[in-house]
Amino acid sequence: MFEQVKAIPGDALLALMVAFKNDPNPNKIDLGVGVYKDDTGNTPILKVVKQAESYLLAHELSKGYIGATGSPELAPLLQKLMLGENHPLIGSGRIATAQTPGGTGALRVAGDLINAVKPEAKIWVSDPTWSNHFHVFAGSGVEVRTYPYYDAQRNALAIDQMLACITQMTAGDVILLHASCHNPTGIDPSFSQWQQISKAVAERGVVPLIDCAYQGFGEGLEEDVQGLRLLVEQCPEALITTSCSKNFGLYNERVGALSVITETSEANQKTMSQVANCIRANYSNPPAHGAAIVCTILSDNTLRQQWEAELAEMRDRIRLMRTTLVKHLKEINCSRDFSFIAEQKGMFSYSGLSKEEVLFLREQHGIYAVDTGRINVAGINANNIERLGFAINQAIQL
Ligand code: LMR
């Protein structure tokens, strides 16, 4: 069976991670994969996570299966985090949330669900988007199309082209929107642009699939879901995929969720039976530990406050690195204007660096960014910013 198998190229982002790890250069800088790093270049375990784990160690009673849709405590906690404490959808029977292995697991279950209930529906993703969106939905067997998102000339959202494309979508198709901290561009719609987008999506009868992977990493826990809230207010049906990897720093615990919003509670029960079926056929039930950490934190006032403070610390550091990089490049008289980096949101920035410039940074300076020019701003720190500025300044003179 395996003698004739051809090797295929691995995922480019994961390959970049390995290449960085294997580079012996002591001054290497990792601006590749989207993982938060503190000022020492470490990806820390949040203190509040350690506290929740101590509590769990003392109080957890069983390692029994938690069922296909996961922890029942997690669902209302995540719904409140996304929608706000007293949102009318919560408890209405129109929303249900299944815990999944990370945000990627949620996206895959969403793709499988769409394929099971409406196989002719297409999923529209932004151009550009997180490269794995294509792989995940291809795995589900759903057709993927792209809508315009990035205006390279202005380093801004291509709002007019995006809206025009939405009006051409077939009713019943699905549009994937990044709730905040757009991956890879770092360019989010403003509130008034969100109003235009949600109106267009609702009028066209397209179902929003909101990928909420960075709540709290952009402007704040509330601000980062303003578009999501507009969409669920205006559209009778929606899917939301949540990741707790970044905002709880629980990358390797794989905590995520798929929330399904339907027009009626009857439809919700039926749809969740399909969700449970997709999960059972895929990984049977999600892992318990990471979700138990999130539940412990979100259901305790003191721990929740501590989490919000640690999240704000991560967000503020990323914002500081954005403005510091822009300032530093100006100070060294860099001939290209990078001021737009300070305006972008979240961990990622489409830096405008070409593939050639990115390869120069990697080969000559051990600085690892994605070929598209995406940089992870969280990889910048006080120790490496001068080297980075010097290298960028060289790269753009190629
Ligand atoms: C990224 O885009 O770097 C992150 O979402 C991590 C990943 O798995 O690709």
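Ligands are counted one by one from 1 in listed order, and the atoms in each one are counted from 1 as well. Heavy-atom basis, side chains included; hydrogens, waters and symmetry copies ignored.
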- Task: Report whether Val326 and Phe390 are members of the same hydrophobic cluster (ILVMFWY, side-chain heavy atoms less than 4.5 Å apart, transitive linking).
- Result: no

- Message: So for ligand 1, is Gly34 a polar contact partner (N or O within less than 3.5 Å, distance only)?
- Response: yes

- So, is the end of the Lys345 side chain (NZ or CZ) under 6.0 Å from the ring centre of Phe217 and within 45° of the ring's axis? no

- Message: When you measure from the centre of the six-membered ring of Phe348, is the NZ or CZ of Arg374 closer than 6.0 Å and no more than 45° off the axis?
- Response: yes

- Of the backbone atoms (N, CA, C, O) and the side-chain heavy atoms from C-beta on, which set of Tyr214 has a member under 4.0 Å from an atom of ligand 1: side chain, backbone, both, or neither? side chain

- Query: When you look for heavy atoms under 4.0 Å from ligand 1, do you find them on the side chain of Thr104, its backbone, both, or neither?
  - Reply: neither

- Protein heavy-atom partner closest to atom 9 (O) of ligand 1 - residue, atom, separation in Å: Trp130 NE1, 2.9 Å

[X] neighbourhood, listing ligand 1 atoms whose heavy-atom distance to it stays under 4.0 Å:
X	value
Val33	3 (O), 6 (C)
Lys246	4 (C), 5 (O)
Arg374	1 (C), 2 (O), 3 (O)

- Message: Quick check: do Gln51 and Leu303 have side-chain heavy atoms less than 4.5 Å from each other?
- Response: yes

- Does even one non-hydrogen atom of Leu13 get within less than 4.0 Å of ligand 1? yes

- On the 0 to 90° scale, with breaks at 30° and 60°, tag the His178-His133 ring pair as parallel, tilted or perpendicular. perpendicular

- Task: Could you tell me if the ring centre of His182 sits under 6.0 Å from that of Tyr149?
- Result: yes

